Amino acid sequence: MEELDVIVIGAGLSGICALHTLSSTSSQIPLSFVALESRPEIGGTWSFFKYPGFRNDSSMFTFGFGFNPWRQTKHIVEGSQIKKYLNETVDKFDLRKHIKTNVCVTKCDFSKKTGKWTVTTKDKTYIASYIISATGYYDYSKPHFPAYDGTLDFTSNGGTIMHAQFWDDDLSLKNKTVSIIGSGATAITILPMLVAQGVKVNLIQRSPTYIVPMPSTEDNLFSKLILKYFGEYGFTIFRYFHLWIGYFFFWYCTWFPMMARISIKTTAFFSLQVSSGDFRKNYNRHFTPKYNPWQQRLCLSPDNDFYSSVVKPNCSVHTGIINRFNSKGVELADGSTVDTDVLVYATGLTLLPLGGIKLTVDGKETKPADTVMYKSYHPSSIPNLFVLTGYLNSSWTLRVELTMDYVGRILRKMRKQKYDLCYPVFKEKDRVADLLGFNSGYIVRGGGLMPQQGKGSPWVMWQNYARDWWEMTMGSLDDGVMKFERIARKEAVEKRMNYAEKRAEKGMGNLKRRPKQKMSIFE
Ligand SMILES: Cc1cc2nc3c(=O)[nH]c(=O)nc-3n(C[C@H](O)[C@H](O)[C@H](O)COP(=O)(O)OP(=O)(O)OC[C@H]3O[C@@H](n4cnc5c(N)ncnc54)[C@H](O)[C@@H]3O)c2cc1C
């Protein structure tokens, strides 16, 4: 058994950010901490996915850490470069000594009596005052893998099926026809890579997604001038430029959905760069989504790689419902068959809150879906648990950094004022059952598992950096919702209550003078 102040669960991007904050906080208040990571290496998403073209789709200027800014003009980069950047960050800030890999946390139990977490892993038990959950949001072992009739007919005739989450590098695609099922970020990333390799590619989508082309490198005249005159500070300017331009575009889409639809549609139309043929005739069917922009995460296409690939002779798009698989490939509802040798599922993720860890308070299980998120990071009524999640409409990192700054403030306050417990108290009447307000497939499928949100601040998960910045940086820690308690004081008051009651039974003393407040939600 090992006892520490803080345990971070997960050493992906969020876990690394948490370690950096803890490391700098420990120069003000001594802190012992460790990150437990179930995989053999750090980096989470960025060391896990291997499919061709795997990359970020929000700018590295905002996706990179504020404390270790991205210093390259190419800001949409391959996953391997992001993995390298995360490893360099860990080494630069001497964080590797705080990371234990191959350690999967299975259970966390909080004791109200001791004010400590007992963290169970396969080999060892840890005790900690605080837990920071940086486990991401999806199941690494189970992607979304919809079943279709006829799978056996397809595979027994030599067809191969693989999910993009478990890309098989050893599988040769030379002279093969590959059909990609899906229309999200993964599908539109894989497609241009395979088309460029000369593979015959079919994109099979039930319905299209909004795809917006953007340059992958800051190399226009304006950017060059910025770098020339501001030097390294130019990258900070790029960071804020990308942060705000992203938000303005999001607000434009939210407030003026019709105009946004038309402008994205027009851009896509001209990005196709063909004047006739199937894509022009069936443009609406293949490239016009049924929902409004940003009701689902928008897909970015660096340097217009998607639209310029889709029109190549070795690529075709099929929009329709899949009926079943057959010995030749994929049979669509209209009766046609898309001939296929290799079927790639780009059908998405399965949501998994808290990395599937069983969470109990004094042995009683609490499901994430039973909690409501305070300021997007603290599940209601669970003491000393901080959960790191990012934005859906902007870079994940932006909110994780804001949250960790806030957590640093909380830890300093609690140490200084000798508090043992912190927990937000939620009033049931304020519950609304929807955490994220997005209707992407994986969110709709897994929504019932996720924590909920309430009717107003601090119980809403804003997708708004400016608002969060204001609340997290300037907001008071004592907002009347977050409770801070000292266990010793709680016990002392309990003792005084018992003493006063006993004296009252004996007709001595005045019962009215006993401490009458309820000490905490735990009583
Ligand atoms: C394909 C893909 C592309 C993406 N692109 C972008 C993008 O461009 N921009 C953007 O903002 N966001 C993007 N995202 C979202 C992305 O997940 C986040 O940006 C970010 O990488 C999440 O970091 P994280 O550390 O919170 O989670 P993860 O990267 O998922 O890391 C979580 C870590 O916790 C570990 N873990 C989980 N459970 C346990 C446990 N029980 N015990 C111990 N360890 C555990 C995991 O092994 C993992 O290493 C993308 C996501 C995917 C899947």
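No hydrogens, no waters, no symmetry mates; every other heavy atom, side chains included, goes into these values. What you see is a predicted model, and the numbers here were worked out from it, not measured in a lab. First listed ligand is number 1; within each ligand, the first listed atom is number 1.
The option with the heavy atom closest to atom 48 (C) of ligand 1, from among E41, R39, E37, is E37.
Remark: minimum distance from atom 9 (N) of ligand 1 to any protein heavy atom is reached at S58 OG, 2.8 Å. Looking from atom 15 (C) of ligand 1 to the surrounding protein, the closest heavy atom is Y137 OH, 3.5 Å. The nearest protein atom to atom 8 (O) of ligand 1, hydrogens excluded, is given as D57 N, 2.5 Å; this is a heavy-atom distance. Nearest protein heavy-atom neighbour of atom 10 (C) of ligand 1: F63 CE1, 3.3 Å. If you check which protein heavy atom lies closest to atom 42 (N) of ligand 1, you get V105 N, 3.0 Å. At the shortest separation from atom 36 (N) of ligand 1 among protein heavy atoms lies S38 OG, 3.8 Å. At the top of the distance list for atom 18 (C) of ligand 1, counting protein heavy atoms only, stands W396 CG, 3.5 Å. Atom 34 (O) of ligand 1 has as its closest protein heavy atom G10 CA, 3.3 Å.
Residue contacts with ligand 1, taken as heavy atom pairs separated by less than 4.0 Å, involve S394 solely via the backbone atoms N, CA, C and O. Contacts of F49 with ligand 1, taken as heavy-atom pairs under 4.0 Å, involve the side chain alone. By the criterion of a heavy-atom distance under 4.0 Å, the side chain of I9, and not its backbone, is placed next to ligand 1. Of all the heavy atoms of F48, none lies under 4.0 Å from any atom of ligand 1, so neither backbone nor side chain is involved. Counting heavy atoms under 4.0 Å from ligand 1, residue A134 touches it through the backbone alone.
At least one heavy atom of R297 sits less than 4.0 Å from an atom of ligand 1.
Ring geometry for Y374 against W459 counts as perpendicular: the plane angle is over 60°, on a 0 to 90° scale with 30° as the lower cut.
Side-chain contact check for T347 and H144: no donor-acceptor pair (N or O, by modelled atom type) lies under 3.5 Å. Under the 3.5 Å distance criterion, with hydrogens and angles disregarded, no donor-acceptor pair is assigned to the side chains of T118 and D109. Side-chain polar atoms of T101 and E37 form no donor-acceptor pair below 3.5 angstrom.
Heavy atoms only, all atoms of each residue included: A260 and P293 are closest at CB-CG, 3.9 Å.
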Chi angles and distances behind the salt bridge (charged side-chain N to carboxylate O under 4.0 Å, His left out) call for E88, R71: CA-CA 13 Å; E88 282 168 3; R71 295 259 189 261; over 6 Å; no

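The shortest N or O to N or O distance between S14 and ligand 1 is below 3.5 Å.
Residues in residues 98-107 take part in these salt bridge (Lys or Arg N to Asp or Glu O under 4.0 Å) pairs, two or more places apart or across chains: E2-K100.
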